[in-house]
Amino acid sequence: MALAAPALEQAVDWEVAEQQIGLWQDAWHRFRRNRLAVLGAGLVLFLILVAFLSPLLVHFHLIWNPGTQDVANIEVGPAQAGHPLGSDELGRDTLSRLMFGSRISLSVGILVQGIILPIGMAIGLAAGYFGGRIDNLLMRFTDIWYAFPDLIFVLVLVSVFGPSLLTIFGAIALVNWVGLARLVRGQVLAIKEKEYIEAARSSGSAPLKLILKHLLPNALGPIIVTVVFGIPSAIFLEAVLSFLGVGIQPPTPTWGQMVFDGYEAIYANPSAVVLPALAIGFTLLSFSFIGDGLRDALDPRMKR
Amino acid sequence: MMQAPEKAPLTTVAADPIILRVQDVYKHFPIAGFGGLAVRAVDGVDLEIRRGEALGLVGESGCGKSTLARLITALLPVTRGKIIFEGQEITKMRGGRLRRMRRKMQMIFQDPFASLDPRMTVGDIIQEPLDNYGIGSGKARQRRVQELLRLVGLNPNFTNRYPHEFSGGQRQRIGIARALAVNPSFIVCDEAVSALDVSIQAQIINLLQDLQREFNLTYLFIAHDLAVVRHLSDRIAVMYLGKIVETAGRNDIYDHPQHPYTRALLSSIPVPDPVVERTRAPILLKGEIPSPVNPPSGCRFHTRCPIARVPGICSEQEPPLEPHGQRDQLAACHFAGEK
Ligand SMILES: Nc1ncnc2c1ncn2[C@@H]1O[C@H](COP(=O)(O)OP(=O)(O)OP(=O)(O)O)[C@@H](O)[C@H]1O
Ligand code: SF4
Ligand SMILES: [Mg+2]
């Protein structure tokens with residue numbers, strides 16, 4: 001075989017181990033081997049399905065409308081009077097409200113991360129990449145922010161701006177971006193010192209390319225993990241707000257509110273409290289399991 | 001055959017025989033929270049590198065070799081001093097001009113595992129400089145990548161593999177291909193072989209030598225002992241605690257070392273001849289390397305020098321780097337050549 005550059009005669013080093021799979025694929029294989037993470041992912045997928053399908057089910061009269069008050073059957077137990085999981089103190093169907101509650105919890109969990117991600121990344125990247133005074137300024141700012149008790153901060157915001165969906169999502173995002181910003185900064189600081197970044201600079205890569213092609217892809221694993229762990233904490237915060245009565249306002253059903261509403265009659269009608277509480281608990285657990293699984297799968301040190 | 005120190009002149013008309021001048025360069029890293037204190041990693045270095053030569057730079061770990069390499073390739077800004085590459089003062093450049101300048105000087109890094117982005121394929125890694133400098137078009141770039149892989153002795157079909165699939169020596173070849181991609185005239189090899197097995201070291205050194213001959217490259221070849229650079233270097237510079245203490249032609253350094261530190265480094269190289277090896281008396285340096293935060297007064301080697309006059313001139317006056325011994329030999333010692 002004729003080579004294009006036969007001028008150099010030195011030992012060639014042809015042998016390379018069999019083609020291995022890419023890093024992301026490898027992570028996926030490891031994730032799949034974690035049973036709890038897969039279970040969590042399954043539950044979350046199921047919840048997403050429920051969230052999307054419940055309006056459709058109401059439309060086809062397969063479940064109750066969550067707002068309908070069946071005044072003849074108040075606080076009935078499970079499987080009575082056409083209420084598979086019973087009804088609450090206003091005669092609303094518990095199953096239907098649980099299903100609709102998943103819509104709020106999931107959207108709080110996921111949309112809030114959508115707000116946090118750009119804020120946290122921008123601040124973390126700027127602080128980590130430029131360092132020096134910018135870093136100092138941004139990090140003092142996040143420290144002060146962090147020092148504020150989350151719940152009080154959200155309560156203040158909600159009481160000032162009113163408990164609309166937007167305020168609540170915004171308020172929860174505003175207390176949660178700090179963790180992500182710090183993580184991104186730490187990642188950037190660590191990766192910035194790697195020799196391959198220096199090599200890329202020496203190859204003539206401009207700062208923007210360094211950030212987008214080298215820094216971010218290498219920081220992505222821990223960022224994903226943090227974002228996933230952020231989901232249950234946002235869900236929990238929303239549930240607490242609803243429980244305190246300053247969350248999403250009725251008649252929109254949320255799990256936190258259901259716990260609060262059913263609390264009065266906890267002995268007479270325990271399922272109205274226990275079921276939403278279980279829904280919250282299992283959702284939080286599922287996301288945490290996914291987070292754990294991702295952390296192990298995306299950590300390059302956890303090879304095989 | 002060993003190459004003679006003087007190489008055939010290059011085709012460039014009236015090219016400055018000195019490709020790189022380092023003039024009184026300092027790099028101090030301030031220690032945060034210790035107002036004013038700094039690690040004086042490079043502390044007044046003068047050095048010239050001639051076009052087409054391989055200059056070996058040796059010194060113990062922490063003496064500032066990598067920092068000097070990063071200053072020379074403009075990966076770090078200097079604290080003070082001038083670096084002139086091909087007649088242009090790179091210490092004054094920034095932004096786009098600096099990036100264009102970097103094209104002519106590339107670096108091969110010490111750690112073949114840390115210097116390749118684990119999330120990029122080998123093809124993308126080698127192609128990156130071509131993309132950055134807009135060399136060739138899409139197809140031509142891919143051909144060039146394959147040609148480069150072949151050039152460094154790697155299978156050109158493996159462009160879609162990830163770095164972790166390769167061995168250390170192969171990864172270092174990838175790093176070499178990346179450095180060569182933009183046709184640089186000057187390459188800094190920062191301990192480019194010290195992370196490799198001895199047998200692989202020889203292969204990579206041979207490859208570097210072949211490439212030098214083929215492309216008229218100038219090398220700054222960094223190592224922490226004199227054994228590694230001997231084979232490859234035309235001239236050698238010895239560094240101690242942020243300063244150059246001796247420079248000379250390769251043979252002169254080995255045969256007539258002028259500085260006591262050079263002599264100590266030489267005496268620690270094992271000799272292959274068992275008879276000579278038995279009589280080899282390593283000069284053991286006393287004490288630890290002093291901290292670069294607060295280097296000793298006068299000659300900064302005086303705390304460990306076997307012939308120091310302390311108290312006296314050695315601890316009071318800093319010896320300048322000036323001619324001693326052979327032609328073209330410089331040493332910074334008040335008692336250069338004495339044993
Ligand atoms: N970015 C930095 N910030 C602070 N100190 C640094 C930095 N880079 C290097 N130093 C310090 O400067 C000194 C010289 O380091 P350098 O890496 O240049 O040494 P070296 O001769 O290359 O050593 P080695 O043989 O271990 O690679 C060391 O004391 C090191 O701790
Ligand atoms: S100047 Fe003095 S201390 Fe320094 S190397 Fe020479 S003899 Fe040793
Ligand atoms: Mg080094």
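Keep in mind it's a predicted model, so treat the numbers as computed, not measured. In the text below, chain A, chain B and the rest are named by the order of the sequence lines, each starting its count at 1.
Annotation for B:S115 and A:A199: closest pair O-CB, 3.8 Å, computed over non-hydrogen atoms. The minimum heavy-atom distance linking A:S202 with B:R102 is given by the pair CA-CD, 4.0 Å.
Looking only at side-chain heavy atoms (C-beta outward), B:P118 and A:Y196 come within less than 4.5 Å of each other. Between A:K194 and B:D117, every side-chain heavy-atom pair lies at or beyond the 4.5 Å cut-off. B:R99 places none of its side-chain heavy atoms less than 4.5 Å from the side chain of A:R201.
Neither the backbone nor the side chain of B:Q146 comes within contact range of chain A; no heavy atoms are under 4.5 Å apart. Using a 4.5 Å cut-off between heavy atoms, B:R143 does not touch chain A at all. Looking at B:M120, only its side chain comes within 4.5 Å of chain A, counting heavy atoms on both sides. If you measure heavy-atom distances from B:L116 to chain A, the contacts under 4.5 Å come from the backbone alone. In this structure, the portion of B:R178 lying under 4.5 Å from any heavy atom of chain A is its side chain and not its backbone.
Atom-to-atom distance recorded for A:E195:CD and B:Q110:CD is 6.5 Å, nearest 0.5 angstrom.
Around CZ of A:R140, the count of heavy atoms belonging to other residues, nucleotides or ligands within 6.0 Å exceeds 12. Counted within 6.0 Å of CZ on A:R32, heavy atoms from surrounding residues, nucleotides or ligands total more than 12; the atom is thus considered enclosed. Within a 6.0 Å sphere centred on CZ of A:F236, heavy atoms belonging to other residues, nucleotides or ligands number 12 at most.
A:S203 and B:N132 share no side-chain donor-acceptor pair at under 3.5 Å.
Here B:E128 does not pair with A:K213 in a salt bridge; the nearest charged N to carboxylate O distance is not below 4.0 Å.
In terms of non-hydrogen atom pairs under 4.5 Å with chain B, the most contact-rich of A:P217, A:P207, A:G204, A:A206 is A:G204.
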